[in-house]
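Below: the structure, in structure tokens.
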Amino acid sequence: MGFLRRLFGWDDTSNPRKEIDSDAANADPADVDVSEREHELEVLRAEQDRLDELTQRQLRYADYAWQPPAQGGDRRADDEDTRDAT
């Protein structure tokens, strides 16, 4: 329960501070959007550096890859035997 109190900045008797993070509450939404976009670009750059060219191509064209048709179905080899026995 103390975790939720600290997370949401609720008054806690063991914690005399009234507000945990005033900067996040008073931040301008445009600044937050810009910082989030910068973070996303940084993550994408790190991902690009981490993957080699082959892996990048495989991920890029994964949606277009050929998949074999599903094999089998609902019918099984012993289905005819059970119909004849009834």
Side-chain angles (χ1 to χ4, degrees):
M1 193 66 178
F3 168 75
L4 291 175
R5 288 184 180 139
R6 287 189 305 273
L7 181 68
F8 293 113
W10 294 336
D11 188 6
D12 188 4
T13 57
S14 64
N15 189 1
R17 295 183 299 165
K18 297 286 182 186
E19 195 171 315
I20 300 295
D21 190 8
S22 62
D23 293 338
N26 297 333
D28 184 27
D31 292 339
V32 172
D33 290 340
V34 169
S35 65
E36 285 180 8
R37 180 68 179 151
E38 289 174 359
H39 176 70
E40 290 173 1
L41 289 174
E42 180 182 331
V43 168
L44 289 174
R45 283 188 201 108
E47 185 76 12
Q48 187 176 12
D49 292 341
R50 187 179 66 86
L51 300 174
D52 61 344
E53 182 184 349
L54 175 63
T55 308
Q56 288 178 7
R57 279 191 280 135
Q58 287 175 336
L59 290 173
R60 185 179 308 131
Y61 296 112
D63 293 337
Y64 304 109
W66 178 80
Q67 301 233 346
Q71 295 182 354
D74 296 336
R75 187 171 174 269
R76 297 290 176 243
D78 62 347
D79 284 348
E80 291 181 17
D81 297 337
T82 58
R83 276 191 248 144
D84 294 336
T86 54

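In what follows, every heavy atom counts, from backbone to side chain, and hydrogens, waters and symmetry copies are set aside. Since the model is a prediction, treat every value here as computed from it, not as a measurement.
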TODO: Give every residue pair that meets the salt bridge (Lys or Arg N to Asp or Glu O under 4.0 Å) criterion with at least one member in residues 57-71, sequence neighbours excluded.
DONE: Glu53-Arg57

Task: With Leu51 via side chain to side chain contact (heavy atoms under 4.5 Å, CB included) - residues at least two apart - done: Glu47, Thr55, Gln56, Leu59

- [ ] With sequence neighbours excluded, give me every salt bridge (Lys or Arg N to Asp or Glu O under 4.0 Å) pair touching residues 26-38.
- [x] Arg37-Glu40

Task: Side chain to side chain, Gln48 and Leu44, heavy atoms closer than 4.5 Å - done: no

